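Predicted model only: the values in this text are computed from it and were never measured. Values below: every heavy atom of this structure, side chains too, minus hydrogens, waters and symmetry copies.
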Amino acid sequence: RCYSMPLVEKYDPREQHFYLKEDASIDGFEIVSHPKTLRAHIDFRWKDILDKLQVEEFDTDLTGLHMHINKNCMTARDWLKIVNFFANNYFFIFTISRRTASNFDRWCKIDTSIRVKQADLDYINSERNSALNLKNINTGEIRFFRVTLDYDDFISSLEFCDALIHFVQLHDFDDIYSNKIGLEAFINFVIKNRETYLCLISYLQNEEHCFIETDDNGMYVYNGRAGR
């Protein structure tokens, strides 16, 4: 913890934007931001902080990047759409998570056998270590990303959450439940809103993921890949 305190002292001495917590599960510390919009996160000095952590060679191999989202921003039905989207697109979520298979299944598992129906509006995950944890009272927690110290990858994770929230609210429950509206529709939504999700598009386009490519006219298109 003594090595991490300069982060606060240099970048946010009044702890108006983030604070530190001890985390016994990783024998280290956790950086916790105060609630912010996507735009506010982009405008904050996360790049300076992540660059500092890279220079200091902090170990992030076993750590998770967890995004908490106010439950009141969506209906219960919308949250269940995300549960079903994850179950229908396991390989996509796993591919972009930056995690190994064993690490993924331990800390943010997706039960692909479960599709939650509209009638189950009181559904809550039986386990906290799920890709979407709904056990918290006030927030839904998207927790499948592994921590990254690369600024663009970090922002792409935030953009993914923002895009997913807006995407599920546009579509009917049954269409997501049945996978009629699935990965292709989501990626096309991201491409359509590319000015908002620049880092996410780059992340999905890179050679490790390859979900988006550029056609002969220089336009972004989904290439049909489902994951690894």
Under 3.5 Å, is there a donor-acceptor pair between the Asn133 and Ser130 side chains?
no

Using modelled atom types only, decide if a donor and an acceptor are shared between the side chain of Asn88 and the backbone of Asn84 within a distance under 3.5 Å.
yes

Which pair of non-hydrogen atoms, one from Tyr151 and one from Leu50, has the smallest distance, and what is that distance?
CA-CD1, 3.7 Å

In terms of heavy-atom contacts, Gly64 and Val147 come closest through O-CG2, 3.2 Å

Carefully, step by step, assess Thr100 and Arg146 under the rule side chain to side chain contact (heavy atoms under 4.5 Å, CB included).
CA-CA 9 Å; Thr100 64; Arg146 184 171 69 84; over 6 Å; no

Is a side-chain N or O of Asp12 found less than 3.5 angstrom from the main chain of His17, in a donor-acceptor match?
yes

Parallel, tilted or perpendicular: rings of Tyr197 and Phe189 (30°, 60°)
tilted

Closest approach of Arg128 to Lys135 (non-hydrogen atoms, all atoms of both residues)
N-CD, 3.6 Å

Is Leu65 reachable from Tyr19 through a run of I, L, V, M, F, W or Y residues, each pair having side-chain heavy atoms under 4.5 Å apart?
no

Could you tell me if Lys36 sits above the aromatic ring of Phe44, with its cationic atom closer than 6.0 Å to the ring centre and no more than 45 degrees from the axis?
yes

Strictly distance-based, threshold 3.5 Å: is any side-chain N or O of Asp215 a donor or acceptor partner for the main-chain N or O of Met219?
yes

Give a yes or no on this: more than 12 heavy atoms of other residues, nucleotides or ligands lie within 6.0 Å of atom CD of Gln16.
yes

Candidate pair Val221 and Glu213, rule side chain to side chain contact (heavy atoms under 4.5 Å, CB included), full reasoning
CA-CA 6 Å; Val221 294; Glu213 59 186 31; 3.8 Å; yes

Can you check whether Glu141's main-chain N or O pairs, donor with acceptor, with Thr139's side chain at less than 3.5 Å?
no

Non-hydrogen side-chain atoms of Leu80 and Phe173 separated by less than 4.5 Å
yes

Would you please classify the geometry between the Phe145 ring and the Phe160 ring as parallel, tilted or perpendicular, with 30° and 60° separating the classes?
perpendicular

If you count heavy atoms of other groups shown closer than 6.0 angstrom to NZ of Lys192, is the number above 12?
no

For the residue pair Phe86 and Phe144, establish whether any side-chain heavy-atom pair is separated by less than 4.5 Å.
yes

Answer yes or no: is there a donor N or O on one side and an acceptor on the other, between the side chain of Lys71 and the main chain of Leu134, under 3.5 Å?
yes

Find the distance between SG (Cys161) and NE2 (His68) and round it off to the nearest 0.5 Å.
11.0 Å

Do the side chains of Asn129 and Lys109 get nearer than 4.5 Å, heavy atoms only?
no

Applying side chain to side chain donor-acceptor pair (under 3.5 Å) to Arg115 and Ser178, what does each step give before you reach the verdict?
CA-CA 9 Å; Arg115 302 293 188 280; Ser178 66; over 6 Å; no

If I compare all heavy atoms of His41 with all of Ser33, which pair ends up nearest, and what's the gap?
CE1-OG, 3.4 Å

So which heavy atom on Leu158 is nearest to which on Met67, and how close?
CD2-CG, 3.7 Å

Before accepting this row, confirm whether a basic side-chain N of the pair Asp51/Lys47 lies closer than 4.0 Å to the acidic partner's carboxylate O.
yes

Distance col, row Ile96:CD1 vs Leu200:CG, nearest 0.5 angstrom, shows 7.0 Å

Can you find a heavy atom in the side chain of Tyr222 that is under 4.5 Å from one in the side chain of Ile212?
no

Arg98 side, atom CZ; Asn103 side, atom CG - distance, nearest 0.5 Å
12.0 Å

Find out if a path of hydrophobic residues (ILVMFWY) with successive side-chain heavy-atom gaps under 4.5 Å connects Leu170 to Val190.
yes

Strictly distance-based, threshold 3.5 Å: is any side-chain N or O of Arg194 a donor or acceptor partner for the main-chain N or O of Ile191?
yes

Say you draw a straight line from CZ of Phe167 to CZ of Phe85; how long is it, rounded to the nearest 0.5 Å?
5.5 Å

With the side chain counted from C-beta on, respond yes when Thr95 and Phe211 share a heavy-atom pair under 4.5 Å apart, and no when they do not.
yes

Does the side chain of Ile142 come within less than 4.5 Å of Leu164's, by heavy atoms?
yes

Checking Phe104 against Ile93 for the side chain to side chain contact (heavy atoms under 4.5 Å, CB included) test, could you report, in this order, the C-alpha distance in whole Å, the side-chain angles of both residues, the deciding distance, and whether it holds?
CA-CA 10 Å; Phe104 187 94; Ile93 299 301; 4.1 Å; yes

Donor-acceptor pair, distance only, cut-off 3.5 Å: does the side chain of Lys81 make one with the backbone of His171?
yes

Donor-acceptor check, side chain of Asn223 to backbone of Arg225, threshold 3.5 angstrom: yes or no?
yes

Going by atom types only, do Gln205 and Thr214 share a side-chain donor-acceptor pair under 3.5 Å?
yes

I'd like to know whether OH of Tyr220 has more than 12 heavy-atom contacts from other residues, nucleotides or ligands below 6.0 angstrom.
no

Can you tell me if His166 uses its side chain to pair, donor with acceptor, with the backbone of Asp162 under 3.5 Å?
yes

Side chain to side chain donor-acceptor pair (under 3.5 Å), that's the test. Do Thr75 and Asp78 meet it? Break it down for me.
CA-CA 5 Å; Thr75 66; Asp78 288 331; 3.2 Å; yes

Which value, rounded to the nearest 0.5 Å, describes the distance between Thr196 atom OG1 and Leu38 atom CG?
8.0 Å

In this structure, CD of Glu159 is separated from CD1 of Ile201 (nearest 0.5 Å) by 8.5 Å

Please tell me if the side chains of Thr63 and Glu30 come closer than 4.5 Å, counting only heavy atoms from C-beta onward.
no

May I ask whether Val32 and Ile155 are part of the same hydrophobic cluster, defined by side-chain heavy atoms of I, L, V, M, F, W, Y residues being less than 4.5 angstrom apart, directly or through others?
no

Of the non-hydrogen atoms in Ile165 and Cys73, which two are nearest, and what is the gap between them?
CG2-SG, 4.4 Å

Do the side chains of Ile181 and Asp172 get nearer than 4.5 Å, heavy atoms only?
no

How about Tyr203 and His209: are their ring centroids closer than 6.0 Å?
yes

Ring centroid separation Trp46 to Phe154 under 6.0 Å:
yes

Run the side chain to side chain contact (heavy atoms under 4.5 Å, CB included) test on Ile110 and Phe94 for me, step by step, so that the C-alpha distance in whole Å, both residues' side-chain angles and the decisive distance to 0.1 Å come before the verdict.
CA-CA 9 Å; Ile110 294 175; Phe94 171 53; over 6 Å; no

Would you tell me whether Thr148 and Asp150 have side-chain atoms, one donor and one acceptor, within less than 3.5 Å of each other?
no

